[in-house]
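In what follows, a single structure is set out as structure tokens and then discussed.
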Amino acid sequence: MKSAPTAINRRTFVKTAGLFATGAALTRSIAAPALPADSLPKVRLRLGFDNFSIRAMGWKAPQLLEYAAAQKVSVLLMSDLDAYESLEEASLREVRAKAEGLGVQIHAGTWSICPSSKAFKTKWGTAEEHLALGIRVARALGSPVLRCVLGTAEDRHTPGGIEARIADTVKVLKGCRSLAVDSNVKVAVENHAGDMQAGELVGLIEAAGPDFVGATLDSGNAVWALEAPLKNLEILGPYAVTSGIRDAVVWDYAEGAKVQWTAVGEGQVNWRTYFDKFAQLCPQAPVVLEIISGFAKPFPYLQEGFWKAWPKVKGADFAGFLALARQGKPLESHKSPDQKAEQAYQREELERSIRYCREELGIGK
């Protein structure tokens with residue numbers, strides 16, 4: 001039996017992958033030419049946004065819905081239960097009626113449902129109680145999905161690694177299967193904050209049951225899991241029922257690479273290629289913009305110990321991430337001087353992304 005890779009072997013792997021990443025074949029895998037128009041499904045993808053894009057506004061559901069209608073989008077993902085004034089059925093039905101009157105479909109959401117995740121909070125009870133509550137909220141709102149997450153990249157460092165956290169999440173999901181099926185709500189687990197790569201999330205969905213569990217496909221979180229967004233889409237797309245879309249720039253630094261998210265159209269993702277593939281793999285899923293800009297996250301993959309959290313990453317897959325890093329240029333971080341400035345910044349980042357999707361890519365109304 002071969003021994004586990006040493007840190008030196010990992011460095012050798014990184015250097016080799018970096019060389020491979022500059023090859024023409026790999027470049028094509030990241031920014032492949034668009035498919036012929038006649039080979040694409042005749043689909044006009046729906047456009048929406050996640051309320052986290054404008055979190056600084058502090059708005060509740062009614063204001064968020066009015067803003068969504070003003071932006072002429074057809075989907076609003078409210079990714080936390082605190083977006084509602086009340087979780088009572090009657091109050092939620094009022095929100096649903098308002099949404100229907102404005103022509104906006106609600107996608108409900110909440111946070112970690114993994115009881116052993118560092119991100120899990122007991123605010124809504126046990127993990128099973130939290131998930132059941134989210135499903136009931138989604139049903140009352142007429143939402144076809146409930147977006148939720150396992151945790152964050154920190155969970156990759158916990159005992160048993162991400163595999164143990166996936167197993168715990170699958171158990172919670174299975175415990176709520178009947179409620180989800182009876183409610184006609186699909187639980188949409190997100191690849192979130194570097195917790196899972198696309199293949200790991202597919203494994204979770206298959207283990208829990210793809211009849212009631214799907215994916216929230218997040219292009220920005222793909223690069224936080226050392227993946228190129230297009231590769232992530234190719235794996236997760238067939239399972240996607242909703243999404244979280246933003247652009248990103250990746251660049252080299254002394255200890256590895258840094259990632260900064262951006263407004264759509266201002267990063268490295270080839271969106272025409274991306275949405276051609278999106279329309280083929282998950283045309284029923286809306287393009288939900290979740291714009292989180294202004295800061296860079298380091299990935300010091302040349303440091304000792306970094307790879308302990310990523311023991312199963314394949315060289316060819318990581319090479320896609322490296323290819324982006326070789327092509328990217330550093331961005332300045334943004335910091336707003338006060339709350340009003342941050343509100344204006346977040347709104348402009350989102351609205352610029354909406355315009356780009358509508359005017360340049362033909363997405364939405």
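Numbers for residues simply follow the sequence, beginning at 1.
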Euclidean distance, [Y] [atom2] relative to [X] [atom1], rounded to 0.5 Å:
X	Y	atom1	atom2	result
Glu190	Leu150	CD	CG	11.0 Å
Leu217	Leu281	CG	CG	9.5 Å
Glu154	Ile162	CD	CD1	11.0 Å
Asn270	Leu230	CG	CG	8.0 Å
Leu201	Asp195	CG	CG	8.0 Å
Ser91	Glu85	OG	CD	7.5 Å

Check whether more than 12 heavy atoms from other residues, nucleotides or ligands sit under 6.0 Å from atom [atom1] of [X], and answer yes or no.
X	atom1	result
Lys60	NZ	yes
Gln284	CD	yes
Asp82	CG	yes

Dump the intermediate steps for side chain to side chain contact (heavy atoms under 4.5 Å, CB included) on Phe49 and Leu77, then the final yes or no.
CA-CA 6 Å; Phe49 68 86; Leu77 171 56; over 6 Å; no
With the side chain counted from C-beta on, respond yes when [X] and [Y] share a heavy-atom pair under 4.5 Å apart, and no when they do not.
X	Y	value
Tyr67	Met57	no
Gln260	Ser333	yes
Val264	Arg355	no
Lys329	Trp251	no
Ser116	Thr158	no
Leu233	Ser219	no
Thr152	Lys118	no
Tyr356	Glu266	no

When you look at Lys72 and Arg358, which way does the side chain to side chain contact (heavy atoms under 4.5 Å, CB included) test go after all the steps?
CA-CA 10 Å; Lys72 297 182 173 61; Arg358 183 174 288 130; 3.9 Å; yes
Strictly distance-based, threshold 3.5 Å: is any side-chain N or O of [X] a donor or acceptor partner for the main-chain N or O of [Y]?
X	Y	value
Ser243	Ile245	no
Arg136	Leu179	no
Arg44	Gly362	yes
Asp50	Glu290	no
Thr110	Cys148	no
Lys335	Phe295	no
Arg246	Asp218	no
Glu89	Ala140	no
Thr262	Val249	no

Determine the minimum heavy-atom distance between [X] and [Y], stating which atoms define it.
X	Y	value
Met196	Asn191	O-CB, 3.8 Å
Ser293	Ile291	OG-CG2, 3.5 Å
Arg352	Ala263	NH2-CB, 3.9 Å
Ser79	Phe52	OG-CB, 4.0 Å
Val75	Val104	C-CG1, 4.1 Å
Leu81	Trp124	CB-CZ2, 3.7 Å

Could you go through the salt bridge (Lys or Arg N to Asp or Glu O under 4.0 Å) check for Arg177 and Asp211 one step at a time?
CA-CA 9 Å; Arg177 181 185 181 280; Asp211 60 321; 2.5 Å; yes
Do [X] and [Y] have side-chain atoms, one donor and one acceptor, less than 3.5 Å apart?
X	Y	answer
Glu227	Gln197	no
Asn221	Asn232	no
His107	Gln105	yes

Applying the 4.5 Å side-chain criterion to the ILVMFWY set and letting contacts propagate, would [X] and [Y] be lumped into a single cluster?
X	Y	result
Val95	Val288	no
Phe120	Leu133	no
Ile363	Trp271	yes
Trp224	Leu331	no
Ile205	Val181	yes

Determine, for Phe299 and Lys297, whether the Lys NZ or Arg CZ falls below 6.0 Å from the six-membered ring centre while staying within 45 degrees of the axis.
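Yes; both conditions hold, so Lys297 lies above the ring face of Phe299.
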Ring geometry between Tyr301 and Trp307 (parallel below 30°, tilted from 30 to 60°, perpendicular above 60°):
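Rings of Trp307 and Tyr301: tilted, as their planes differ by 30° to 60°.
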Can you list the residues that meet the side chain to side chain contact (heavy atoms under 4.5 Å, CB included) rule with Lys98, with sequence neighbours excluded?
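Per chain and number, Lys98 pairs via side chain to side chain contact (heavy atoms under 4.5 Å, CB included) with Pro62, Leu65, Glu66, Leu102.
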Once ring-ring contact (aromatic ring centres under 6.0 Å, His included) is applied, what residue pairs with a partner in residues 191-222 remain, sequence neighbours excluded?
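Every pair satisfying ring-ring contact (aromatic ring centres under 6.0 Å, His included) with a residue in residues 191-222: Trp111-His192.
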Checking side chain to side chain contact (heavy atoms under 4.5 Å, CB included) for the pair Val145/Arg147: CA distance, chi angles, key distance, verdict?
CA-CA 6 Å; Val145 303; Arg147 171 267 189 188; 5.5 Å; no
In this structure, which one of Val202, Thr216, Leu204, Val213 forms a side chain to side chain contact (heavy atoms under 4.5 Å, CB included) with Tyr239?
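Exactly one pass, corresponding to Val202.
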Applying side chain to side chain contact (heavy atoms under 4.5 Å, CB included), run through Glu163 and Lys312 and close with a yes or a no.
CA-CA 11 Å; Glu163 290 86 359; Lys312 297 183 180 179; 3.5 Å; yes
Do Asp168 and Arg165 meet the salt-bridge criterion of a basic N to acidic O distance under 4.0 Å?
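Looking at Arg165 and Asp168, the cut-off is met.
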